[in-house]
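Atoms considered below: every heavy atom in the structure, side chains included; atoms not considered: hydrogens, waters and symmetry mates.
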Amino acid sequence: MYTELNSILSTGPDSFTQGDFILVSDRQSDASFLIHHFLSFYLRARCKVCFLGLVQSFSHYSAVSQRLGVSLAQAKEKGQLVFLEGLNESLSVLIPQETHAGSQDMDFLRDPAVGLRSLYEFVQSSVRSSVGVEEGAEEWGPPVLLVDDLSVLLSLGVSAGAVLDFSHYCRATVCSQLQGNMVMLVRCDGEEEEEDGDDEGSERLLKGLTHQCSLALNVQGLPTGYCRDIHGQVEVCWRRRQGDGQNAQKKLFQYKVHDKGASFFARGTSSAVL
């Protein structure tokens with residue numbers, strides 16, 4: 001958990017806004033350090049967390065969280081963390097074995113045309129399990145959905161429209177109905193936007209998610225190129241609806257990731273970059 005980022009966002013494990021959809025995106029950079037931050041943040045806040053790990057294994061996230069002072073194994077054992085390991089589930093679908101028939105949650109791998117309904121139903125059952133806790137069971141705070149990373153679904157044959165529908169239904173359930181939070185990562189590889197004719201790419205997905213979110217964190221490389229002391233910059237955009245329109249406030253920060261944290265600087269305040 002990064003205390004400097006919490007200060008920028010005016011939040012903390014003991015006091016945070018509920019009902020938020022936080023969009024994390026990166027372009028020619030790596031924003032995964034923010035996913036690790038939000039994972040440790042919400043676990044410390046005693047939220048019930050549903051994590052769709054579509055890119056890395058549970059052991060990867062567990063090793064990083066351990067350095068941040070959080071045990072994913074304990075959180076999972078106590079029922080606070082529900083983790084879908086996309087890599088293992090994908091293999092069980094693509095390479096069926098007698099000992100593991102494969103999960104229905106990844107049905108879209110068998111036929112991308114069926115969409116992401118089964119994956120949504122997994123999310124829905126996971127976050128609703130924190131509502132109406134049985135007597136004697138530990139009670140958790142509002143549910144949180146984390147996804148790393150949503151854009152990988154495009155490379156698996158799912159259309160951008162289907163992914164946007166999935167995020168819309170998840171937001172309606174998690175943020176609106178249950179007053180929980182949602183954090184999703186999406187990656188855009190190129191420097192320039194894709195052509196208008198390509199309506200199934202990551203750019204369309206990013207635009208659609210940006211319209212849905214209440215807070216956007218866009219991670220990019222430095223425009224001046226590589227710097228040993230500064231790893232990149234992150235644009236923070238607060239998107240709040242006012243009446244019939246939407247008001248956006250933006251701030252730009254430079255950052256450096258450490259082994260057990262990250263430092264953030266207001267643009268131009270670091271001596272490493274002029």
Side-chain angles (χ1 to χ4, degrees), residues 19-25 31-32 35 38-39 42 47-58 60-61 72 75-76 79-97 100-131 142-178 180-188 200-202 204-213:
D20 272 354
F21 171 18
I22 302 172
L23 175 64
V24 178
S25 63
S32 58
I35 295 297
F38 285 113
L39 176 59
Y42 286 116
C47 294
K48 175 65 179 287
V49 178
C50 173
F51 193 119
L52 304 185
L54 304 178
V55 177
Q56 298 283 359
S57 65
F58 176 81
H60 166 80
Y61 296 108
L72 296 194
K76 194 174 179 181
Q80 184 185 10
L81 173 65
V82 177
F83 191 97
L84 177 70
E85 193 159 359
L87 294 176
N88 284 347
E89 296 295 340
S90 298
L91 285 176
S92 67
V93 172
L94 299 174
I95 310 176
Q97 299 179 1
H100 196 305
S103 171
Q104 299 298 313
D105 309 324
M106 308 289 282
D107 269 353
F108 65 89
L109 290 173
R110 299 183 179 93
D111 180 10
V114 304
L116 300 170
R117 180 169 181 172
S118 295
L119 191 59
Y120 165 71
E121 290 174 349
F122 170 82
V123 171
Q124 186 182 44
S125 63
S126 298
V127 296
R128 287 192 181 279
S129 65
S130 63
V131 180
V144 173
L145 170 64
L146 277 80
V147 185
D148 181 11
D149 84 67
L150 203 61
S151 52
V152 77
L153 297 174
L154 300 177
S155 62
L156 295 174
V158 182
S159 69
V163 179
L164 288 172
D165 287 343
F166 170 75
S167 71
H168 171 76
Y169 283 111
C170 288
R171 183 167 65 98
T173 299
V174 178
C175 302
S176 298
Q177 295 179 16
L178 303 178
N181 288 356
M182 192 164 75
V183 181
M184 290 183 170
L185 171 65
V186 61
R187 300 183 184 278
C188 294
E200 296 301 316
S202 57
R204 181 194 171 192
L205 178 59
L206 177 60
K207 288 179 180 178
L209 293 173
T210 300
H211 181 72
Q212 294 181 17
C213 75

For this session: For Val49 and Leu39, work out which heavy atoms get closest and say how close.
Result: CG1-CD1, 4.2 Å
Problem set entry | From CG (Leu84) to CG (Leu119), nearest 0.5 Å | 6.5 Å
Exercise. Given Phe51 and Asp148, is the side chain to side chain contact (heavy atoms under 4.5 Å, CB included) satisfied, shown in steps?
Worked result: CA-CA 8 Å; Phe51 193 119; Asp148 181 11; 4.2 Å; yes
For this session: Quick one: do Tyr61 and Phe83 satisfy ring-ring contact (aromatic ring centres under 6.0 Å, His included)? Show the steps, please.
Result: CA-CA 10 Å; Tyr61 296 108; Phe83 191 97; 5.6 Å; yes
Exercise. Is any side-chain heavy atom of Glu121 less than 4.5 Å from a side-chain heavy atom of Tyr169?
Worked result: no
Exercise. Is there side-chain contact between Lys48 and Val82, with at least one heavy-atom pair below 4.5 Å?
Worked result: yes
Exercise. Quick one: does Phe38's side chain get under 4.5 Å of Asn181's, heavy atoms only?
Worked result: no
Exercise. Below 4.5 Å, heavy atoms only, C-beta onward: do Leu52 and Leu146 meet side chain to side chain?
Worked result: no
Exercise. Distance from Thr210 atom OG1 to Phe21 atom CZ, nearest 0.5 Å?
Worked result: 8.5 Å
For this session: Work out which heavy atom in Thr173 is nearest to a heavy atom in Arg128; give both atom names and the distance.
Result: CG2-NH2, 4.0 Å
For this session: Can you sort out the partners of Ser57 under side-chain hydrogen bond (donor to acceptor under 3.5 Å, both in side chains), two or more places apart, ordered by chain and number?
Result: Ser59
For this session: Would you indicate whether the side-chain heavy atoms of Gln212 and Ser167 approach each other to under 4.5 Å?
Result: yes
Problem set entry | Interatomic spacing from CZ in Arg117 to CG in Asp165 - rounded to 0.5 Å | 12.5 Å
Exercise. Can you tell me how far CG of Leu209 sits from NE2 of His168, rounded to the nearest 0.5 angstrom?
Worked result: 12.5 Å
Problem set entry | Interatomic spacing from CG in Leu206 to OG in Ser25 - rounded to 0.5 Å | 5.0 Å
Exercise. Where do Leu54 and Asp149 land on the side chain to side chain contact (heavy atoms under 4.5 Å, CB included) test, with the steps shown first?
Worked result: CA-CA 6 Å; Leu54 304 178; Asp149 84 67; over 6 Å; no
Problem set entry | Gln80 (side chain) donor-acceptor with Cys47 (main chain) under 3.5 angstrom | yes
Problem set entry | Closest heavy-atom pair and its distance - Gly201, Leu154 | C-CD1, 3.9 Å
For this session: Please name the pair of heavy atoms, one in Ile35 and one in Val147, separated by the smallest distance, quoted to 0.1 Å.
Result: CD1-O, 4.3 Å
Exercise. Would you say the side chain of Ser32 lies within less than 4.5 Å of the side chain of Arg187, judging by non-hydrogen atoms?
Worked result: yes
For this session: Give a yes/no verdict on a cation-pi contact between Lys76 and Phe58, requiring under 6.0 Å between NZ or CZ and the six-membered ring centre and an angle within 45° of the axis.
Result: yes
Problem set entry | Spatial distance of atom CG (Leu116) from atom CG (Leu164) [nearest 0.5 Å] | 10.5 Å
Exercise. Between Cys170 and Met182, what is the shortest heavy-atom contact and its length?
Worked result: CB-SD, 3.6 Å
Exercise. With a 4.5 Å limit on heavy-atom distance, are the side chains of Val144 and Val127 in contact?
Worked result: no
Seminar exercise, completed: Scanning both residues in full, the closest heavy-atom pair of Gly180 with Pro142 reads CA-CB, 4.1 Å
